[in-house]
Amino acid sequence: MTRMIYPGQTIGIIGGGQLGRMMALAAKEAGYKIAVLEPTMDSPCGQVADIRIVAPYNDESALEELAEVSDVITYEFENIDYEGLKRLTEIAHVPQGAELVRITQNRVTEKHAIVEAGCPVAPYIVANNYEELVNQIEQIGYPCIVKTARGGYDGKGQQLLSSTEDLPLAKKLLEHSQCVAEGFVPFVKEISVIVQRNGYGETYCLPVGENIHVHHILHETIVPARISPATYDKAIEAAEKIADYLQLIGTLAVEMFVLEDGQIVINELAPRPHNSGHYSIEACNVSQFVQHIRAVCGWPLRKPKLWAPSIMINLLGQHVVPLSNSISKYPDWSVHLYGKNEAKVNRKMGHVTIMTENVEETLKQIERSGIWSE
Ligand code: AMP
């Protein structure tokens with residue numbers, strides 16, 4: 001599976017969003033050409049790509065076309081049609097394979113893999129219908145969270161149940177999909193580790209990020225996470241174990257909860273660069289995107305080093321105008337916008353990274369700026 005892809009050759013990316021765009025920009029730094037498959041014409045990645053194939057992600061002839069023009073293929077999101085990706089592995093060089101997508105597309109197979117890798121998850125049950133949920137729920141008790149096995153993101157497809165009376169609230173989720181119900185984890189912090197591995201088994205983690213969500217959407221990542229050294233080591237060790245178990249090639253984001261006693265519980269996995277790793281573009285000697293390209297192109301990986309503590313804040317639709325009006329006040333902020341033209345409320349439009357020697361003071365400066373007050 002390991003093959004060296006040389007600068008000048010073409011990297012195909014399935015998905016044209018901001019992750020694809022930042023992968024493409026990293027690849028272009030090293031002289032690669034980019035082909036992107038994306039249903040919309042003017043996508044964040046399409047804007048910086050050399051070749052655009054405008055078609056649905058599971059369109060067979062479009063995938064064949066992508067295979068024809070690409071020397072290696074990667075993807076920027078996990079909800080690709082598994083069968084389509086599997087067929088693609090037979091006609092093109094897809095070093096990440098299709099198995100990782102199959103496993104992480106479904107919370108049931110994902111949790112099973114985490115447990116098999118020897119890492120802790122919240123107690124959970126699997127329900128194929130409402131009756132199965134009702135019959136098993138006592139095994140985990142209340143409060144608990146019912147999540148659709150497939151397709152949920154940013155808190156969508158989830159229902160918190162506080163007591164038996166709430167059970168009917170989960171009916172709707174189970175009408176459409178198999179679900180898992182998991183015990184509510186009384187976490188004190190959420191953290192994530194981006195682990196990256198190449199076909200030779202070289203594995204590195206980026207520094208652990210501390211994630212603050214607002215309305216289920218990532219708002220801020222603080223690096224390094226403000227956790228004890230022992231918890232830090234546990235987080236890295238868990239991410240490496242999972243990467244090893246999955247024989248990862250490419251990138252895996254491992255989201256975790258930190259408990260009051262410093263133990264960790266793994267929440268979920270994303271088999272791609274992750275919003276919580278964007279700080280690495282400025283704050284590390286190797287960004288998650290550069291490392292991802294190195295991994296899929298068969299290059300040796302670089303050992304990540306953090307230049308300075310950092311804060312990454314997402315720019316949603318409602319933050320773009322306030323930020324634009326304030327840019328001149330904050331010369332030290334690195335501003336990223338993804339080229340999306342419609343700034344809808346809660347749509348991820350970009351992010352800001354701030355490297356700082358005084359995280360607490362910078363957090364106050366961010367608050368005082370008023371940009372993120374909505
Ligand atoms: P997810 O889509 O699984 O990442 O969940 C979105 C967010 O919901 C997480 O970032 C947590 O803030 C919260 N959450 C999810 N699962 C649990 C859980 N078992 N216990 C407590 N909070 C949770």
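Because only heavy atoms are used, hydrogens play no part in the values below, and waters and symmetry mates are left out as well, while side chains stay in. Counting convention: from 1, in listed order, for ligands and their atoms alike.
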- Do Tyr279 and His351 have a side chain donor and acceptor closer than 3.5 Å? no
- Item | Close aromatic pair by centroid cut-off 6.0 Å: Tyr57 and Phe77 | yes
- Task: Report yes or no: does Gly183 have a heavy atom closer than 4.0 Å to ligand 1?
- Result: yes
- Under 4.0 Å, heavy atoms only, figure out whether ligand 1 is touched by the backbone of Asn267, its side chain, both or neither. side chain
- Task: Could you tell me whether Arg347 and Glu342 have a side-chain N and a carboxylate O separated by less than 4.0 Å?
- Result: no
- Row check, Tyr130 ring normal vs Lys171 NZ/CZ: under 6.0 Å, within 45°: yes
- Should one rank His213, Glu190, Gln158 by closest heavy-atom distance to atom 9 (C) of ligand 1, which comes out on top? Glu190
- Would you mind running through ligand 1 and noting each atom that sits below 4.0 Å from a heavy atom of Glu182? 16 (N), 17 (C), 18 (C), 19 (N)
- Note: ligand 1 atoms sitting under 4.0 Å from heavy atoms of Arg107 are 2 (O), 3 (O)
- Query: Would Arg21 and Glu38 pass as an ion pair if we require N to O under 4.0 Å?
  - Reply: no
- Note on the structure: Among Val185, Val180, Ile140, Leu160, the residue with a heavy atom nearest to atom 20 (N) of ligand 1 is Val185
